[in-house]
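Report on one structure; see the data block that follows.
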Number of protein chains: 2
Amino acid sequence: MSRAVPAAADAGLPIAAVERETGLAKDTLRVWERRYGFPQPLRDGAGNRRYPAAQVERLKVIRRLLDAGQRPGKVVGLDSAALQALLSGQAPLTPAAAARLPAGSELPSLQAMLDAIAAHDPQTLRRALTHARLGMGLASFINELVVPLSKAVGEAWMRGRLEIFEEHLYTELVSGVLRDAIAGLAPAVESGRPRILLTTLPQEQHGLGLLMVAALLTLEGCSCISLGTQTPLGDIALAAAVHDADVVALSFTSVQSGTAVLESLRVLRIRLPGQTGLWVGGSCSALYHKPLAGITAVRSLSDLPGVVAQWHCEHPQH
Amino acid sequence: MSRAVPAAADAGLPIAAVERETGLAKDTLRVWERRYGFPQPLRDGAGNRRYPAAQVERLKVIRRLLDAGQRPGKVVGLDSAALQALLSGQAPLTPAAAARLPAGSELPSLQAMLDAIAAHDPQTLRRALTHARLGMGLASFINELVVPLSKAVGEAWMRGRLEIFEEHLYTELVSGVLRDAIAGLAPAVESGRPRILLTTLPQEQHGLGLLMVAALLTLEGCSCISLGTQTPLGDIALAAAVHDADVVALSFTSVQSGTAVLESLRVLRIRLPGQTGLWVGGSCSALYHKPLAGITAVRSLSDLPGVVAQWHCEHPQH
DNA sequence: AATTATCTTTGTCCTGGACAATTTGGGCAA
DNA sequence: TTGCCCAAATTGTCCAGGACAAAGATAATT
């Protein structure tokens, strides 16, 4: 009998659900409401906030604009129309990238791949990726296809032209292709040096960069041990010790604050033995502002062979 | 000049870091402090909490005991010795599993694999896993080896016999083997039905269960589309629509609170078309307390073939 | 132009109170 | 004993509104 459902099935989402959906912390949602007058959730019987779906959508758009560099004071509180206008007007993150790949390139066109993503055709995309990988060699595949394509996907998402789930699916497929490639490579270099431990810090859940690095390093004759993403600092130090790693390699994106990243690196550098190398890379600008003591910052994946060569110079016994 | 380092290199972790490390919400940490007198963090210059490493360790132990069914009032506030005693006294999570695999079984022994994990020998472990997979068939490999082994690893971790990084490495290797297997299977069933969309909700970052499900379902002739982990609710609904999914399958662990999980499922069920199935599984006890309207709870991976068969019964046109 | 100092913005943390949902334990009937 | 129901205790999450440090923007100086 009755009491089937609280009836107010869509009176709106509670604040915890909005935090999950938008990635905006509960404290942030409350303080925006106080300062900018948006969002303006309804209240349930207990006085708790209930966010209507439309406001959640607007929050998601705002989130994208913030990721693109806008400041909250300018965009929170704008209505949907103004937000959409801003979105379309965003300057591309990588104006150079597009220019660098003129039409007529015989590479499998980025645009074609983007179209396959937007067409929700995973099989076609997977085939295209595998085909490209076999055709152009692993290093070129990564440097000339995966890197620019990932940038393009990120940018398309920022502009609202791709949904999050489309980016997720793209990431899954590329990961699969890269893992395949690594698996095919690994047996040859099981005991190569340097022995490199790969992972990311807690908070950093983006593992695609890690896979690309693992593939390129394996190609350079290193033996790679990947712990996946989000390993606590203490465990990284422990793992480096028990696996006799010559180098710890970490990948970053810009999701975390630069300060936090540098602080973590400082602590990790202290906990690692001095002779263990610490290589860092990824799209986190704080890594490259100034040289970090005892840390090798790798700006671009194409610099990796050089870094490995450098290591061999400094460790001639291997 | 000076100002090289704040000197207080390890005055303790801020509350946000403890939340990440332990999975305990900031609000919970504060309310425990108020009610039970533990934890009792130091304060930095600004009056913010700084948790010493020892307290964080104790919190992690407490978290494990809570997951094992203890109540906060009984365990928060016990000293380390009492906690350890409780921990060792915990009934094993899977008393049956050990009994079900008597010595002399010709299976690659779980113990041998656990030893390989503890010995930090990834190559041996990978070879053993691959060998087992080829020898026993994919379904048996998953149901009889990977599932009990993962349980054993989780339990060993809970008892403090394995470090997090050892679990991470194990997960990476098993994931690799499973992905390999799926890749070898997939081409045969590209358009099989049901077409199943796999992912996890935001907050749930454990993807191994998802891989096992994908493998078993592919084996049953389904075509699987995996979005990886942590897809927002709205995107799951969108993705199900554009990919013409017959079923959405979600995997859970016990890291999130049961209430939050059920609330999310309720919302998702509303947003999905009625004819789209919603299958859920994993080690989150809230899923199995009572039947959920419009949701199929799969208690064990070995039930999957039955669930697929059931689906075919109800959709004879496929 | 480049660097430094000052003002603004913004996310996170704080306190202490409240409450709803779950769990526990007792009382009572079968 | 077992099963069921209600009161009491437990427990996680939410709230308000204040505070502040880090980061960004702007102005002043070299």
Side-chain angles (χ1 to χ4, degrees), chain A residues 3 6 12-20 22-39 41-51 59 62-63 65-67 69-77 203 254-263 284-286 289-290, chain B residues 6 12-20 22-38 41-51 59 62-63 65-67 69-77 203 254-263 266 285-286 289-290:
Chain A
R3 209 185 176 307
L13 297 178
I15 194 169
V18 177
E19 176 180 48
R20 280 193 304 260
T22 64
L24 298 165
K26 290 191 265 277
D27 271 326
T28 304
L29 290 169
R30 284 192 279 254
V31 87
W32 281 6
E33 181 181 341
R34 201 194 309 166
R35 288 186 185 146
Y36 313 118
F38 182 85
L42 311 173
R43 299 296 177 134
D44 67 6
N48 289 351
R49 293 171 172 79
R50 303 305 288 269
Y51 294 81
L59 285 170
I62 290 171
R63 177 69 147 86
L65 288 169
L66 293 191
D67 286 347
Q70 293 281 344
R71 309 230 37 206
K74 311 279 181 185
V75 295
V76 182
Q203 237 187 339
S254 40
V255 294
Q256 13 191 8
S257 85
T259 325
V261 168
L262 295 182
E263 168 68 13
C284 175
S285 53
H289 282 340
K290 49 187 170 189
Chain B
L13 298 177
I15 194 170
V18 177
E19 176 179 49
R20 280 192 311 254
T22 64
L24 299 166
K26 291 190 265 278
D27 272 326
T28 304
L29 290 168
R30 285 192 279 253
V31 87
W32 281 6
E33 179 181 343
R34 201 195 307 169
R35 288 185 185 147
Y36 311 119
F38 182 86
L42 310 173
R43 299 295 178 131
D44 67 7
N48 290 351
R49 293 171 171 79
R50 302 304 288 270
Y51 294 81
L59 286 170
I62 290 170
R63 178 61 150 85
L65 288 169
L66 294 191
D67 286 346
Q70 294 281 343
R71 306 227 41 203
K74 311 278 182 186
V75 295
V76 182
Q203 245 186 335
S254 45
V255 292
Q256 13 191 8
S257 84
T259 326
V261 168
L262 295 182
E263 165 69 13
R266 202 179 57 74
S285 52
H289 283 339
K290 50 187 167 187

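First the proteins, then the strands, lettered A, B, ... as listed; each starts at 1. As a basis for the values below, the full set of heavy atoms in this structure was taken, side chains included, without hydrogen atoms, waters or symmetry mates.
Positionally, the nearest nucleotide of DNA chain C for B:I15 lies more toward the 5' end than for the other of B:I15 and B:R71. Mapped onto DNA chain D by nearest heavy atom, A:K74 and A:P14 fall at different nucleotides, with A:P14 at the one closer to the 5' end. Map A:G45 and B:A17 each onto its nearest nucleotide of DNA chain C; the residue landing nearer the 5' end is B:A17.
A pairwise comparison of heavy atoms in A:P39 and A:Y51 identifies CG-CE2, 3.5 Å as the closest pair. Considering all non-hydrogen atoms of both residues, A:P14 and A:R50 come closest at N-NE, 3.8 Å. In this structure, A:F38 and A:V76 approach most closely via the heavy-atom pair O-CG1, 3.6 Å.
Legend: residues meeting side-chain contact (heavy atoms from CB on, under 4.5 Å) with A:R63, ordered by chain and number and at least two apart, are A:L24, A:D67. The salt bridge (Lys or Arg N to Asp or Glu O under 4.0 Å) search around A:R20 returns none, not counting sequence neighbours. Remark: B:T28 pairs with B:A25, B:W32 by the side-chain contact (heavy atoms from CB on, under 4.5 Å) rule, at least two apart or across chains. The side-chain contact (heavy atoms from CB on, under 4.5 Å) check on B:D27 picks up B:R30, with sequence neighbours excluded. The salt bridge (Lys or Arg N to Asp or Glu O under 4.0 Å) search around A:E33 returns A:R43, A:R49, not counting sequence neighbours.
Distance CZ (B:R63) to C1' (D:dG12): 13 Å, rounded to an integer number of Å. For the pair A:N48 CG and D:dG12 P, the interatomic distance rounds to 17 Å; values are reported in whole Å. Rounded to a whole Å, the CZ atom of B:R43 is 14 Å from the C1' atom of D:dC20. Regarding B:L66, its CG atom lies at a distance of 9 Å from the P atom of D:dT11, rounded to whole Å. When rounded to the nearest whole Å, the span between CG of A:D44 and C1' of D:dC14 equals 10 Å.
Rounded to 10 degrees, the angle between the two end axes of the helix from C:dA1-D:dT30 to C:dA30-D:dT1 is 30°, with five pairs used at each end.
A heavy atom closer than 4.0 Å to some atom of DNA chain D occurs in A:R30, A:R34, A:R35, these being the qualifying members of residues 27-38 of chain A.
Separating the CG atom in B:L66 from the CZ atom in B:R71 is a distance of 10.0 Å, to the nearest 0.5 Å.
Contacts between chain B and DNA chain C, taken as any atom within less than 4.0 angstrom of a protein heavy atom, begin and end at C:dC13 to C:dT24.
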